[in-house]
Amino acid sequence: MKSCSSRKRWRLAKNVTIKNRRNQLVFTSVTFLFLAVTLLWPLANLFTTTLADVSISDLKETFARSSLQKAVRLTFIQAAFSTIAALAIGLPVAHVTTRYKFWGCTALRSITVVPFVIPTLVAAVAIRSTFDFFGVDDVNPLFAIVAAHVFMSIAIVTKIVGGFWATLHPALDEAAQLLGATPWRRFVRLQLRLLRPAIAAAATVIFLFSMTSFGVIRLLGRNSRTLETEIYRYAIARTDFETAGILALLQVVLVAVLAYVAARLQRRISTPRHQTVTHTKQKIMTWRQRIYVLAVCVSVVVTVIVPMAALVEKSLRVGEQFGLANYRRLSQPNDLLNVTPLDTLLKSLLFAAAATLLATAVAGIAVAAIRHHGSAARILETLVFLPLGVSSVALGFGYLVTFTFAEFRSSPWVLPLSHALLGLPLVAAAALPALRSINPTLLWSATTLGASPTRIVSSIVWPLTRQAFFAGALFAAAVSLGEFGAASFLSRSDTSLTAPLAIYRLSSQPGDVLRGQAMALSVTLAAIVGLLSYVAEKMRSARTASIF
């Protein structure tokens with residue numbers, strides 16, 4: 001009897017193992033097929049098509065052009081300045097919100113996150129509104145670009161560095177204080193050394209974010225040209241696909257290297273050596289601490305709150321008075337757009353809904369395939385998160401030269417497809433930890449008791465992971481609503497005109513009516529994206545130092 005029972009259990013275990021491997025193979029195949037069609041094929045076709053007849057001498061000739069050399073230099077210069085300025089302002093904010101207890105501390109930290117979640121084009125409009133509010137007309141383009149990047153990037157420092165800072169055990173600082181070390185010496189010799197990986201991770205992410213900036217450069221840079229804008233100019237304005245392909249290849253390589261470095265640094269700070277369950281913030285006691293905290297609060301007001309307030313003020317200003325006329329005009333046509341600004345917002349919401357549904361469905365299949373450990377799962381996980389390291393401009397360019405059959409690139413539904421690809425890593429990043437936290441014994445027991453895969457998913461897996469899936473889906477929807485780079489390549493008619501594209505067109509033209517519509521549409525879009533991001537952040541079950 002025992003032998004028969006053991007044999008039955010062995011057969012059951014074997015059948016379950018075979019079924020799990022079969023399901024994992026199916027999930028892996030579906031995920032890889034989606035990534036192959038939406039990511040690998042467009043990028044591969046982009047380079048094989050545009051660089052097929054390019055020789056080494058052509059490459060040398062292309063990079064010898066003074067205009068391209070200036071574009072490369074400006075790309076790195078503005079990214080470097082943006083990174084330095086964001087760290088200079090963000091590190092004190094991270095220190096104050098982590099170490100000191102005072103009224104408004106939580107609000108201060110939350111306010112810095114708002115510019116990061118709103119669309120980049122809206123952030124650029126906010127910076128321009130700030131200069132207009134103070135009557136500054138002739139602004140250096142580089143200064144305006146850096147100001148916009150700092151406005152958006154402070155949150156990266158507060159979340160990565162501040163999140164890591166909060167995990168450092170206070171006993172280390174207390175021991176150094178008992179040994180007679182001054183506050184400055186404790187910071188430089190102790191805390192700063194422990195914070196180096198987090199600071200390096202934040203700097204790499206900010207540099208990557210600034211280097212791939214597209215909407216900010218186009219709106220605030222005047223005639224400034226970076227790699228991103230040069231790819232667009234050569235591909236769309238000049239139809240010089242060879243030069244655009246060379247620049248896109250350079251951009252992809254640079255972004256891939258920086259994304260790899262950022263990922264490695266993120267893993268280093270994900271499990272810090274010195275952790276504590278509780279961390280007590282100290283009260284402000286001395287006048288130096290009061291001045292320091294006040295100076296940090298003023299810096300946040302100047303760099304974050306003033307641009308947001310200027311944007312709202314511009315949206316409410318009608319001539320010399322204030323009112324809601326600009327918001328009412330969103331439902332009225334104008335001479336620039338063939339549709340109303342409200343129509344573009346509704347179109348963006350429709351595209352975001354379609355992209356979110358597709359991204360969530362594919363992410364569910366993908367995380368089911370990569371939740372197991374192994375080389376195949378690691379390769380697939382790398383592919384799933386690969387879109388985070390791909391420029392949306394290069395992706396839009398790839399779609400433009402690839403989906404030429406049946407004029408699919410002119411279809412309005414090519415935009416949700418590209419947005420779904422960009423949202424896939426966000427949903428997967430939110431759902432994968434929740435799925436991996438489920439005890440495998442629970443799933444195994446349900447299978448051995450005869451539960452079907454559908455029953456297991458509906459009764460066990462979905463209740464334990466739905467909150468994470470919803471949070472990731474909201475982040476994906478927010479990204480879709482604010483996406484501008486790929487849309488600049490793929491929006492071929494009024495049927496695919498999204499709200500960020502409408503904001504760019506309206507804000508680039510003179511006239512109070514058009515500018516007023518752009519401001520009102522910017523505030524409306526920022527409010528929607530901010531609400532989605534706020535709800536998504538509230539739904540996240542685990543807080544980490546990651547920005548995703």
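What you see is a predicted model; the values in this text were computed from it and never measured. In what follows, residues are counted from 1 in the order of the sequence shown.
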For atom [atom1] of [X], is the number of surrounding heavy atoms from other residues, nucleotides or ligands below 6.0 Å larger than 12?
X	atom1	value
F81	CZ	no
F143	CZ	no
Y292	OH	yes

Between [X] and [Y] (side chain of the first, backbone of the second, donor and acceptor by atom type, cut-off under 3.5 Å), is there such a pair?
X	Y	value
R515	Q509	yes
E230	R233	no
T239	A235	no
T404	V401	no
T112	R109	yes
S299	V296	yes
S153	V150	no
T243	D240	no
T204	A200	yes
T75	L227	yes

D512 meets the side chain to side chain donor-acceptor pair (under 3.5 Å) criterion, sequence neighbours left out, with none
May I ask you to test the [X]-[Y] pair for a side-chain heavy-atom distance under 4.5 Å?
X	Y	result
E483	P500	no
L39	F34	no
L247	Y234	yes
V393	Q251	no
L346	L350	no
L531	I528	no
L422	L395	yes
P119	V529	yes

Using 0.5 Å steps for rounding, measure from the [atom1] atom of [X] to the [atom2] atom of [Y].
X	Y	atom1	atom2	value
T130	L311	OG1	CG	8.0 Å
L415	S496	CG	OG	5.5 Å
L506	L337	CG	CG	4.5 Å
Y100	Q289	OH	CD	4.0 Å
I503	L525	CD1	CG	5.0 Å
K314	S522	NZ	OG	13.0 Å

Is there a donor in the side chain of [X] and an acceptor in the side chain of [Y], or the other way round, less than 3.5 Å apart?
X	Y	result
E228	S213	no
S315	Y327	yes
T340	D343	yes
Q517	N326	no

Correct closest heavy-atom pair for I206 and A86 would be CD1-CB, 3.9 Å
Scanning both residues in full, the closest heavy-atom pair of S507 with L219 reads OG-CD1, 3.4 Å
*Looking at Y232 versus F214, is the centre-to-centre ring distance below 6.0 Å?*
yes
Ring pair (Phe, Tyr, Trp, His ring centres under 6.0 Å) pairs touching residues 501-533, sequence neighbours excluded, are F484-Y504
Item to complete: Evaluate the ring planes of W413 and F351, with Trp represented by its six-membered ring, and classify them as parallel (under 30°), tilted (30 to 60°) or perpendicular (over 60°).
Response: perpendicular
>> Using ring pair (Phe, Tyr, Trp, His ring centres under 6.0 Å), reason through F241 and F397 one step at a time and then give a plain yes or no.
In response: CA-CA 9 Å; F241 284 177; F397 188 20; 5.6 Å; yes
Do R466 and F469 form a cation-pi contact, if we require the NZ or CZ to be under 6.0 Å from the six-membered ring centre and within 45 degrees of the ring's axis? no
